[in-house]
Amino acid sequence: MRLSEATRGGLPADVTQAAYARAEQARGIVHLGIGAFHRAHQAVYTDDAMAAGDRDWAITGVSLRSAQVHEQLAPQDGLYTVATRDAAGEQLRLIEAVRDVLVAPRDPGAVAAALAASATRIVTLTVTEKGYHRLPGGGIDGAAIATAGGTIYHYLAQAVRDRMSAGAGPMTLVSCDNMTDNGHVLHDGVASLLDGAALGWFQRDWACPSTMVDRIVPATAPDDLDRLEARIGVRDEGAVVTEPFRQWVIEDRFADARPRWDVGGAQFVADVRPYETAKLRMLNGAHSALAYLGLGAGHDYVHQAVADPAVRMVVERLMRDEAAASLDAAPGQDLRAYGDALLARFANPSLAHRLAQIASDGSQKVGPRWLEALTINRARGVDRTATLTALAGWLRHLRGQAGPVNDPMGDELAALWRGHDAAGMVAALFGEGGRFAARWQADDGERAALTQLVEQR
Ligand code: CS2
């Protein structure tokens with residue numbers, strides 16, 4: 001028996017449920033990329049806001065590729081459980097904010113209609129870094145977007161045109177992916193497909209605030225679903241497992257109304273950059289280092305890698321001495337305490353967070369996580385050995401030394417490795433004119449150091 005409106009009444013009393021009149025809520029949010037992260041993050045904040053009395057923010061989820069989430073949630077009337085786990089145990093909560101899941105390739109017309117509906121005022125996105133079609137050096141890849149078709153930008157540019165002709169009002173587009181200035185990237189991509197009056201209206205009245213999102217959400221494992229079923233008595237194919245911690249910092253720049261996401265702890269601020277860069281360089285930067293160095297040392301999970309003294313030493317130095325030194329903290333932002341909290345979160349043994357999941361798409365991740373810090377720290381005269389050690393770990397990973405490579409640039413990078421030794425590979429990526437040189441162009445000393453670190457193992 002599946003979890004659904006018909007069976008939710010039989011859930012055990014310790015599964016938290018909100019009591020708002022779900023069926024009466026208009027659909028105010030369209031979410032593009034409804035994976036586990038959205039279900040454990042923005043949907044929970046939206047559920048909090050509606051439980052506190054906000055109305056008409058029900059979510060229409062959109063899968064941009066597969067029908068998997070549709071199959072998980074449609075038979076369940078959009079209901080699913082969030083399980084938060086740490087040493088103290090497991091807490092369960094039913095999330096009611098998601099109403100429908102559309103599969104874009106199968107039903108593009110329904111997606112366009114949801115985006116054009118006058119009740120829709122906000123679009124949130126979690127489409128991973130590669131969903132933004134950026135150049136390796138940063139900035140959107142206008143040529144690739146124009147020829148690709150079916151990108152997030154195509155759906156959103158169409159929404160601008162449709163809403164203009166229908167007089168449906170502007171929307172706020174909220175990127176929730178791990179990128180520096182994610183709102184600007186999204187804005188520029190949509191603008192690249194517009195012209196004339198639609199472009200003018202988009203630039204004047206729509207809003208693309210930047211955000212920092214944070215919650216560790218490993219991919220749900222079959223075993224998690226079996227354990228949950230044994231505990232709640234019904235099958236929930238849409239369940240997600242996560243940590244208790246969550247954070248959402250949002251630039252307070254909306255085109256129209258917004259849910260009171262702050263009821264659930266979200267912060268609306270004038271400038272997200274200090275939070276966004278601290279999170280990218282310290283949390284995500286440490287995560288990627290754990291992934292490549294941990295896989296290289298034979299580990300499978302984050303909590304194992306962070307418990308390995310040799311890996312941990314590099315990761316702690318990267319985070320505390322290098323990433324933190326590259327930041328300009330906002331008043332009251334305590335980077336030391338932030339680092340302590342991150343290490344404790346990584347050590348959470350009840351989350352089976354695969355290093356391979358974090359290791360994927362490295363070409364899209366290393367720029368904001370490591371390369372920007374390398375450039376800044378050279379200028380500031382800060383030691384960069386730990387970050388270079390992590391970068392060497394990535395290069396070894398790309399050579400196929402620690403399992404399969406899952407990366408949109410994987411073929412290109414593997415071909416480069418076949419044609420070069422370590423020094424040549426370092427030059428091809430980070431030397432003058434190199435693939436990633438717009439983010440960080442290594443000087444002679446850095447190139448030699450990185451080459452040596454790549455060859456070390
Ligand atoms: C991780 C992130 O997979 C990855 O690249 O670093 O998904 C990380 O778990 C989240 O950003 C935490 O908020």
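In listed order, ligands and their atoms are each counted from 1. The figures here come from the full heavy-atom set of this structure, side chains too, leaving out hydrogens, waters and symmetry mates. In what follows, residues are counted from 1 in the order of the sequence shown.
Within ligand 1, counting atoms from 1 as listed, the ones closer than 4.0 Å to a heavy atom of K365 are 3 (O), 4 (C), 5 (O). Taking every heavy atom of D214 and a limit of under 4.0 angstrom, the matching atoms of ligand 1 come to 12 (C), 13 (O). For ligand 1 and K279, the ligand atoms under 4.0 Å from any heavy atom of the residue are 10 (C), 11 (O), 12 (C), 13 (O).
The single protein non-hydrogen atom nearest to atom 2 (C) of ligand 1 is N284 ND2, 3.6 Å, given as residue, atom name and distance.
When only interatomic distances are considered, the shortest N/O to N/O separation between E129 and ligand 1 does not fall below 3.5 Å.
The line from CG of L343 to CZ of R312 is 5.0 Å long, rounded to the nearest 0.5 Å.
Ion pair R22/D47 not flagged as a salt bridge, since none of the NZ, NE, NH1 or NH2 atoms sits closer than 4.0 Å to an Asp/Glu carboxylate oxygen. Ion pairing between a basic and an acidic side chain is recognised when a charged N comes within 4.0 Å of a carboxylate O; R93 and D14 show no such pairing. The pair R27-D100 meets the salt-bridge criterion, since a charged nitrogen lies less than 4.0 angstrom from a carboxylate oxygen. Between E322 and R384 there is no salt bridge, since no side-chain N of the basic residue sits under 4.0 Å from a carboxylate O of the acidic one. In summary, R281 and E372 engage in a salt bridge, as defined by a charged side-chain N under 4.0 Å from a carboxylate O.
With atom 6 (O) of ligand 1 as the reference point, the heavy atom nearest to it among H353, R345, H287 is part of H287. For atom 7 (O) of ligand 1, the choice among N178, T128, V217, V302 with the nearest heavy atom turns out to be N178.
Note: Y45 and H41 have tilted aromatic rings, judged against thresholds of 30 and 60 degrees for the angle between ring planes.
Residue R369 places a heavy atom under 4.0 Å from ligand 1.
Heavy atoms of Q247 found under 4.0 angstrom from ligand 1: none, in either backbone or side chain.
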